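Read the structure below first, then the notes.
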Amino acid sequence: PAALAVDMMRPAFHYTPRFGWVNDPNGLVYADGEWHLFYQADYETTLHGNMSWGHAVSTDLVHWQELGVAISYDQHEQIFSGSAVVDKDCTSGLCAKAGEPVMIAIYTSYDQVPDPNSPLDDQGHSTNRHFQSQHIASSTDRGRTWTKYAHNPVLDKKMYEFRDPKVSRRGDHWLMLVQKSEEHVLQFYKSSDLIKWGDGKGGDGPAGEFTGLGATGGVWECPDMFELPVDGDAKNTKWVLIVNINPGSRFGWGSAAQFFIGQFDGDTFHADGDYSWLDWGADNYATITWDSAPNGEVVAIGWMSNWQYTQVTPASTWRNAFTVPRLLELVTIDGKVRVVQNPVKNIDSLRDLSNAVHQSNLAVANDYTEPAIRGRALDIVVEFDAGSAAEFGVKVYQGEHQETLIGYDKAKGQVFIDRRISGTVNFDALFPDRHSADLPLVGNKLKLRILVDHGSVEVFANRGEVAITDVIFPDPFKDGVSFYALNGTATVVSVDVYPMKTIHGL
Ligand code: FRU
């Protein structure tokens, strides 16, 4: 029955809205023992429409309580992406009582009414462009209810594409990263009180800008920047700058998160070298990190979809999920500082240990093995010895005419997800494909952690220096798991397959 199939497609352990559409994570902030996940939401349809901020909270980054609309669109504005901070000392003056903490959301307000003076197109018709400016809202009840600031906007350049403010506390002031999206200029601003960003008085106003580097095949969106120790050494830190881009991913289409490693001088960011991609799959976008994490750790989450096809994917009463929260670290590998990402530790608590399957020293030499293991929501930890095989890997959601491969191509030296026959793929010609990332074997061996859920596959390879995230739309009844090798023999040195418990009552 349709209703059953629909519920079976809801991820077991990835956050999804009960109803409606979601895109970017917004306002990620940790406060009073709660991880806040705000996000772009349309509660009325399953398409990107009138955007508000939805809200969910978690105490463990695993189980989420959906709290509904936090900041709503109205006849004047839509609430586009942005960030949230706890204004501990009430610099904004928006707290309930002097000196008390207040949560401040900084978001892009998208004018509902197009600019009547929009430029004209070739035919002399208005292009109907909408102004975007930065607004704030405050909450004195832990993000449950919000009041829009009476004197918004707080930063307005009368621009059509100026968005996604990411604010954090830096020393004695607030720092904002915000995109002049069409120009590919990331602008830094400073403020003493979260309200004055532009007047240039008292240090408030524009600081540096970051431009001229990176991928520029689309608009720049959703910036983020954070400092991390290299190899855990607090005396040796580097900064990571994230610049999401849409379109203009490495595939030449669709949205993706690029990043740079470098230094922040207090006013602007200086890249050490070239940019790279945070994820080598197609479905990890608008990736940003939590402000004020309890131990200074950097935890990121992304929207698990792609603007290329997100409005035409199979969906019922809700659409889109987020990645699992991921811990980001800087690790030197083969002499190079790399961003390494892995699922936060608490994800392990969902493993159903009593139904886990463990195997070791399994020789694999077949293109097809009858799956001995089944499951729709799994955490797979596997180590392969490449042996003589030209290609080897794991198949999930395997059944007649259906499989998603997580494999390794030895000649190319690449790990991949292949979703060409992963289920429903025909809604966009660019969807069915293989997404590969360079990764050398270590002593002829490869380690993979694979999180499989009803609508997605997330792969973390070796130490996490490669992550690949793809959504899939398989027939949920074809849920086999098997190992394969082509043109030779590979060995599964060891594998643990953990069924995952669901985080909701379905
Ligand atoms: C990125 C984005 C943001 C914008 C939001 C609107 O996916 O386009 O730049 O603020 O989505 O929903």
Side-chain angles (χ1 to χ4, degrees), residues 228-233 238 240 250 257 259 261 273 276-281 283-284 287 297-300 302 323-345 347-348 351 358-362 364 378-396 404-418 434-452 456-470 481 483-485 490-498:
L228 277 172
V230 179
D231 302 319
D233 177 2
K238 285 188 182 288
V240 178
R250 70 192 181 98
F259 74 90
I261 298 177
S276 186
W277 302 100
L278 207 52
D279 199 294
W280 300 88
D283 299 294
N284 182 355
T287 317
E297 69 272 43
V298 175
V299 180
T323 65
V324 291
R326 301 175 182 185
L327 184 71
L328 302 189
E329 292 165 299
L330 288 177
V331 177
T332 309
I333 298 173
D334 296 333
K336 208 175 155 227
V337 178
R338 305 281 302 262
V339 171
V340 158
Q341 56 187 305
N342 286 290
V344 293
K345 185 75 187 134
I347 294 292
D348 298 7
R351 292 171 171 175
H358 175 81
Q359 289 175 350
S360 52
N361 291 320
L362 195 72
V364 203
L378 303 167
D379 184 350
I380 302 173
V381 181
V382 59
E383 184 176 21
F384 285 99
D385 186 308
S388 59
E391 180 181 314
F392 59 90
V394 187
K395 298 184 181 188
V396 299
T404 296
L405 309 183
I406 301 98
Y408 192 83
D409 179 325
K410 213 163 29 175
K412 292 194 171 137
Q414 289 181 328
V415 59
F416 61 80
I417 294 179
D418 190 326
R434 176 175 286 200
H435 301 144
S436 307
D438 293 343
L439 183 75
L441 296 173
V442 181
N444 216 33
K445 292 207 173 67
L446 173 72
K447 278 190 192 153
L448 299 175
R449 169 116 184 243
I450 306 165
L451 297 180
V452 184
S456 62
V457 178
E458 291 166 280
V459 177
F460 305 89
N462 284 348
R463 297 169 70 177
E465 61 266 44
V466 163
I468 315 177
T469 305
D470 275 347
V481 177
F483 306 101
Y484 79 101
T491 304
V492 175
V493 179
S494 102
V495 64
D496 291 283
V497 180
Y498 303 99

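Counting from 1, the numbers follow the sequence of the chain as shown. Owing to the predicted nature of the structure, the values given are computational and were not obtained by experimental measurement.
Between the side chain of Asp231 and the backbone N or O of Thr332 there is at least one donor-acceptor pair closer than 3.5 Å. Of the possible donor and acceptor atoms, none in the side chain of Glu465 sits under 3.5 Å from a partner among the backbone N and O of Ile333. Put simply, the side chain of Arg463 never gets that close to the backbone of Asn342: no donor and acceptor are under 3.5 Å apart. With hydrogens and angles disregarded, no donor-acceptor distance shorter than 3.5 Å links the side chain of Asn284 to the backbone of Asp279. With hydrogens and angles disregarded, a donor-acceptor distance shorter than 3.5 Å links the side chain of Thr323 to the backbone of Gly302.
The CD atom of Glu297 sits 10.5 Å away from atom CG of Leu228, with the distance rounded to the nearest 0.5 Å. Rounded to the nearest 0.5 Å, atoms OG (Ser276) and CZ (Arg250) are 9.0 Å apart. Rounding to the nearest 0.5 angstrom, the gap separating the CG atom in Leu278 from the OG1 atom in Thr469 is 9.0 Å. To the nearest 0.5 Å, atoms CD (Gln341) and CD (Glu458) are separated by 9.0 Å.
In this structure, Asn462 and Leu446 have side chains that are in contact, with non-hydrogen atoms separated by less than 4.5 Å. Annotation: side chain of Pro343 is in contact with side chain of Leu451 (closest heavy-atom distance under 4.5 Å). Taking 4.5 Å as the limit, every side-chain heavy atom of Glu391 sits out of range of all side-chain heavy atoms of Asp418. Contact check for Ile417 versus Trp280: no side-chain heavy atoms found under the 4.5 Å cut-off. Leu378 places none of its side-chain heavy atoms less than 4.5 Å from the side chain of Ile450. A heavy-atom distance below 4.5 Å is not found between the side chains of Phe259 and Thr287. With contacts defined as side-chain heavy-atom distances shorter than 4.5 Å, the pair Val382/Val394 qualifies. Taking 4.5 Å as the limit, some side-chain heavy atom of Ile380 sits within range of a side-chain heavy atom of Val495.
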Cut-off 3.5 Å, no hydrogens considered: what does the side-chain donor-acceptor table look like for residues 408-415, sequence neighbours left out?
from, atom 1, to, atom 2, distance (Å)
Tyr408, OH, Leu439, O, 2.6
Asp409, OD1, Ala411, N, 3.1
Asp409, OD1, Lys412, N, 3.1
Lys410, NZ, Gly387, O, 3.0
Lys410, NZ, Ala389, O, 3.1
Gln414, NE2, Asp438, OD1, 3.0

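Each of Val459, Ile468, Asp470 was evaluated against Ile406; a single residue qualifies, Val459, per the side-chain contact (heavy atoms from CB on, under 4.5 Å) test.
Ring planes of Phe384 and Phe392: tilted class, angle from 30 to 60°.
For the pair Val364 and Ala485, the tightest heavy-atom approach, listed with the atom from each and the gap, is O-CB, 3.2 Å.
Atom CG of Asp334 is surrounded by 12 or fewer heavy atoms from other residues, nucleotides or ligands within 6.0 Å.
A cation-pi arrangement is not found for Arg449 relative to Phe460, the charged atom failing to lie both closer than 6.0 Å to the ring centre and inside a 45° cone about the ring normal.
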Inset, instruction - Start with the C-alpha distance between Lys238 and Val337, add both sets of side-chain angles, then the distance that settles side chain to side chain contact (heavy atoms under 4.5 Å, CB included), and finish with yes or no. - result: CA-CA 9 Å; Lys238 285 188 182 288; Val337 178; 4.2 Å; yes
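Glu383 meets the side chain to side chain contact (heavy atoms under 4.5 Å, CB included) test with Lys445, Lys447, Val493; sequence neighbours excluded.
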